[in-house]
Amino acid sequence: MSSLTLGAADPVAHVINHPTFVTESGWVIWSSAQTNLVLSGLILLFVGFFVAKAVSTGDESQGHLRWITNNRFAHMIEVICGYLRENTVRPLLHERTNKMMPFLWTVFFFILINNLLGLIPLLDLHNLLLGEAGLGLNPEMVAKHQAFIGGTATQSIYVTAGLSMIAGLMINYSGIKELGIAGYIKHLTAGSPIFVWPIIIPIEIMGTFIKPIALAIRLFANMTAGHILVAVQLGFAADGFSSGTIIGIPVGVISGVGVIAIYFLEIFVAFLQAFVFMFLTTVFISLLAHHGEHDHDHAHEGAPAHA
Amino acid sequence: MKRFAFLLTLTTLALFNARVFAADASVIESPKGGIAPMITTIVVFVIVAGISAVSIWPKIVGGLDERNAKITGEIAAAEDARKQAKEALNEYEKSLADARAEAQQMLEATKAQQIELAAQLKATAETELTAMREKAKADIDAAKKQALNELYSESITLATVMAGKILQREVTAGDQQRLMEDSLAEMKTAKS
């Protein structure tokens, strides 16, 4: 039973990435997080094609109905897309919005799907199928804490680092395209007097790297913390009920109720963190623009508080 | 309530927290375990972003923009139609008011014409009536005069015949003429 979250000796073990194939020298070739990533990519494409078909204008034979999105789920996605484009990105990027939206939508939905996949107990289902507690298809693998699938990909700092690298490249590529090489370099002075440049330029260069790093750490920390909290609360519930003591039952009940509440919070956090990652990427892109040069410091002040 | 929750959390942590803190070390994954997921992330993201940028987002953007254009166009058309309808209504109301004023004017003119015509007709009728009355009177007088003349003539003729018979002689035309003139003179005298 220790292969399941409720019976885990270590709640963190069910949150972190699990290797699938490891070389003799200890390099992980494939892990559960990678399967989650591929799965989330496939889900995004599958759902994306479905939604694109539902949202796009239909055949003329449908009359006025061809303008209507008939599927509720597609309608929901369409509303999210519309909100992100018109209410979040356009006020910041203005005429660059339409060019950047495909990338920003992909960032949002890719992270969101990964976050939501992490809330499905795939690892527990995997361990039930393979472990001794379940069907026992491959108990040795479970005993070694290896898994094909499960966990939350976005709780891995390496996964969030990968996403941040892409975001960082896009931020700087967009900035160079907008400002030109000379303008981009000039932007590193933040419009300050020349005698401040020895201080400002290194800070700005560091900022170029710190921004994506902050994105990576924020997403990783939020997802990890939330999932550990859920795992710990489940551990409390299991231990409380199985302790057989008077205090154990209320601890189990409170933890059980608490874990449900936290699970709802985690669903919200899954959306929030995907939004924050996308939104901050947008903010960083918008800072590297002609209009941002003059108001550089103000723009930083105006940026939302980092979650 | 918050204090209770805080105390409860502290109590439960005190009872069960040993393994939580002990697990901290395993949260950090080593680079040997992280490079592959990082590369996979980049590869999967790039593939998904590439495919979706070509096959998914343009369709969604197209659908959203076409619908937006359709709705905006329909609203603009409806706004134009409303404006036109309002203008037509104003024009209609103005025409109606003009027509009412014209009708009133015509009614008043007609009434005046009617009164004038009635007065004219009345005057004409009265004139004609007076003329007819005068003519009738004249006719009656003429007829009366003629009748009287005829009567006198007959009477005289008859009286002449009777006088001839009484006198046993023929009354000549001169006698008859004289008698008639005398009689008429007497009649006129008697009448006056």
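First the proteins, then the strands, lettered A, B, ... as listed; each starts at 1. Excluded from the calculations below are hydrogen atoms, water molecules and symmetry mates; all remaining heavy atoms, backbone and side chain alike, are included.
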Out of A:Asn114, A:Val107, A:Ile77, A:Thr160, which one racks up the most heavy-atom pairs below 4.5 Å with chain B? A:Val107

Look at atom CD of B:Glu91 and say whether more than 12 heavy atoms of other residues, nucleotides or ligands are closer to it than 6.0 Å. no

Quick one: does B:Pro37's side chain get under 4.5 Å of A:Asn17's, heavy atoms only? yes

Most heavy-atom pairs under 4.5 Å with chain A, out of B:Ile51, B:Thr41, B:Asn68, belong to B:Thr41

A:Phe49 versus B:Ser55, closest heavy-atom pair with distance: CE2-CB, 3.4 Å

Note, A:Glu78 side chain near B:Leu64 side chain (heavy atom, < 4.5 Å): yes

Give the ring-plane orientation class for A:Trp105 versus B:Trp57, where under 30° counts as parallel, over 60° as perpendicular and anything between as tilted. tilted

Inter-residue atom distance A:Ser56.OG - B:Asp65.CG, 0.5 Å rounding: 12.5 Å

Validation row: B:Val61, A:Asn98 side chains within 4.5 angstrom (heavy atoms): no

Work out which heavy atom in B:Lys59 is nearest to a heavy atom in A:Ala52; give both atom names and the distance. CB-CB, 3.8 Å

Below 4.5 Å from any heavy atom of chain B, which atoms of A:Ser40 appear? Answer side chain, backbone, both or neither. neither

Side chain to side chain contact (heavy atoms under 4.5 Å, CB included) evaluation trace for B:Met38 with A:Val159: CA-CA 5 Å; B:Met38 188 165 70; A:Val159 171; over 6 Å; no

Could you tell me which non-hydrogen atom of A:Leu44 sits nearest to which non-hydrogen atom of B:Ile56, and how far apart they are? O-CD1, 4.3 Å

Would you mind checking which part of A:Ile166 comes under 4.5 Å of any heavy atom in chain B, side chain (CB onward), backbone (N, CA, C, O), both or neither? side chain

Tell me whether A:Ile246 at atom CD1 has more than 12 heavy atoms from other residues, nucleotides or ligands lying less than 6.0 Å away. no

Under 4.0 Å between a Lys/Arg side-chain N and an Asp/Glu carboxylate O for B:Glu66 and A:Arg66? no

Part of A:Ser31 within contact of chain B (heavy atom distance under 4.5 Å): side chain

Check A:Ser25 against B:Lys32 and note the closest heavy-atom contact, atom names and distance. O-NZ, 2.7 Å

B:Met106 CE: over 12 foreign heavy atoms closer than 6.0 Å: no

State, to 0.1 Å, how close A:Val28 and B:Ala36 come at their nearest heavy-atom pair, and which atoms those are. O-CB, 3.2 Å

Among B:Val44, B:Val43, B:Ile35, single out the residue with the greatest number of heavy-atom pairs under 4.5 Å to chain A. B:Val44

B:Arg67 and A:Val55: which non-hydrogen atoms are nearest, and at how many Å? NH2-O, 3.4 Å

